[in-house]
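Heads up, the thing below is written out as structure tokens.
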There are 2 protein chains.
Amino acid sequence: MKLSTKGRYGLRAMFELAKYYGKGPIPLRNIANKQSVSDNYLEQLIAVLKKEGLVNSVRGAQGGYMLAKQPKEITVGEILRALEGNIAPTDCAVEDEEFTCEREKHCVTKVVWVKIRDSVNEVIDSITLQDMIDEEKKLSNNDGYMYYI
Amino acid sequence: MKLSTKGRYGLRAMFELAKYYGKGPIPLRNIANKQSVSDNYLEQLIAVLKKEGLVNSVRGAQGGYMLAKQPKEITVGEILRALEGNIAPTDCAVEDEEFTCEREKHCVTKVVWVKIRDSVNEVIDSITLQDMIDEEKKLSNNDGYMYYI
DNA sequence: TATAATTCCTAGTAATTTACTTGGGATTCT
DNA sequence: AGAATCCCAAGTAAATTACTAGGAATTATA
């Protein structure tokens, strides 16, 4: 029941892009360095996010990536589904999948898996990148440090 | 974000035991056959469940396994946690784990993972084996077939 | 126009985890 | 005594994950 590095690195990268939203393209290498991930690997992840229409890119020197929409318009759910596929604890509980299992019709365990699926999706679809930005602000205000100007 | 066969086979096996609760020990082979799983493999799973105090066993001929508590006293959460470990989408979100990450303190993505973790645990802790038995009864009543005596 | 900085693309591979298989010992009922 | 069962440990095959490697295409800027 663990997410892969795709989802983890990917969400963090998107969060970084969100923080720079509106400030022009950010080279992937910057983000990769910050996260101690190889840029080649992060590239593969962001390629998927681009294909899904969540980020745009500018090629060439001074190029980079940026969110394709405002942070408040991108949910964690969209990001995770892009990278990990439909989120479900079993194949039989994947939405819109033509997986079949002979039990299917009367399967009580499937009912359990579907409940897990729905609850996870409800959570991730309810959090936007903007929410995360706001949350981070809150965290750094409550951490016991005082920030003086 | 998929469960392994441990959780899937294990929950189904426990559900079978629940249906036979109070009727004496059931040989594992019966359940394994029913589920088209090798008995040796299912044995390994049930050994864990036994160690966790969820099932009891009787050795020798006419022996087998049985639930250690009433179906209404065993939750899906207990079963899945026994078999899969604490349920969390990332290591940093595992409860009672002394995993550390340098971000940790101000990590907004961790906040997301914790929300997912909590929502999954809430679901699985709220479903008992008895609930599943009741649900199955409901399913077979609503499936379009009529059962005449 | 040359150079550097970047995205884009594909193939390969190392590491890890999962999902078993194998085989035999111990116990208990009949 | 024999059959049916649980108990236990080690090994292995298959799949998945997590990268690495390397180079082509594009574009800003000096």
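Atom CG in B:Asn40 sits roughly 15 Å away from atom P in C:dG25 (whole-Å rounding). Distance A:Tyr65 OH to D:dT26 C1': 12 Å, rounded to the nearest Å. Between B:Leu42 atom CG and D:dT5 atom C1' there is a gap of 14 Å when expressed in whole angstrom units. Across the protein-nucleic acid pair, A:Arg29 atom CZ and C:dA5 atom C1' stand 8 Å apart, rounded to whole Å. With rounding to whole Å, A:Tyr9 atom OH is found 11 Å from D:dT17 atom C1'. Protein atom CG of B:Asp39 is 13 Å distant from nucleotide atom P of D:dA4, rounded to whole Å. Rounded to an integer number of Å, the gap from CD of B:Glu43 to P of D:dA4 is 16 Å. The distance between atom OH of A:Tyr41 and atom P of C:dT7, rounded to the nearest whole Å, is 18 Å.
You'll find that the side chain of A:Ser38 is closest to D:dT20, out of C:dC9, D:dC6, D:dT20. Comparing D:dT27, C:dA19, C:dG25 against the side chain of A:Arg59 picks out D:dT27 as the nearest. With distances taken from any side-chain atom of B:Ala61 to the nucleotides C:dT18, D:dC19, C:dC29, the minimum falls on C:dC29.
In this structure, B:Ile26 reaches the sugar-phosphate backbone alone: every heavy-atom distance under 4.0 Å involves primed, P, OP1 or OP2 atoms, never a base. Within the 4.0 angstrom heavy-atom criterion, no nucleotide atom of any strand lies near B:Ile46. Heavy atoms of A:Val37 sit nowhere under 4.0 angstrom from any nucleic acid atom.
Remark on DNA chain D: of its neighbouring residues B:Gly63 and A:Gly60, the 5'-side contact belongs to B:Gly63, judged by nearest-heavy-atom nucleotide. Summary of the strand contacts: A:Lys6 and B:Asn30 both lie near DNA chain D, and taking for each the nucleotide with the nearest heavy atom, the more 5' one is attributed to B:Asn30. Nucleotides of DNA chain C nearest to A:Gln44 and A:Lys50 differ in position, and the one nearer the 5' end is that of A:Lys50.
Rotation axes derived from the C1' atoms of the five outermost pairs at either end of the helix from C:dT1-D:dA30 to C:dT30-D:dA1 lie 10° apart, to the nearest 10°.
Not one side-chain nitrogen or oxygen of B:Ser57 sits closer than 4.0 Å to the OP1 or OP2 atom of D:dT5. Neither OP1 nor OP2 of C:dT18 sits under 4.0 Å from any side-chain N or O of B:Ser4.
Salt-bridge check for A:Glu78 with A:Lys69: passed, with a basic side-chain N closer than 4.0 Å to an acidic carboxylate O.
A:Met132 and A:Met66 are not part of a single hydrophobic cluster, where members link through side-chain heavy atoms under 4.5 Å apart. Residues B:Ile74 and B:Tyr20 are members of one and the same hydrophobic cluster, defined by side-chain heavy-atom contacts under 4.5 angstrom among Ile, Leu, Val, Met, Phe, Trp and Tyr. B:Val114 and B:Val120 sit in two unconnected hydrophobic clusters of ILVMFWY residues. Membership requires side-chain heavy atoms under 4.5 Å apart, directly or through other members.
Partner of A:Arg81 under the side-chain hydrogen bond (donor to acceptor under 3.5 Å, both in side chains) criterion, out of A:Asn86, A:Asp125, A:Thr75: A:Asp125 alone.
The two residues A:Leu67 and A:Ala18 have their closest heavy-atom pair at CD1-CA, 3.6 Å. Between A:Leu17 and A:Tyr65 the shortest heavy-atom distance is CD2-O, 3.6 Å.
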Side-chain donor-acceptor pairs under 3.5 Å in residues 39-48 of chain A, sequence neighbours left out?
residue: A:Tyr41; atom: OH; partner: A:Thr5; partner atom: OG1; Å: 2.9

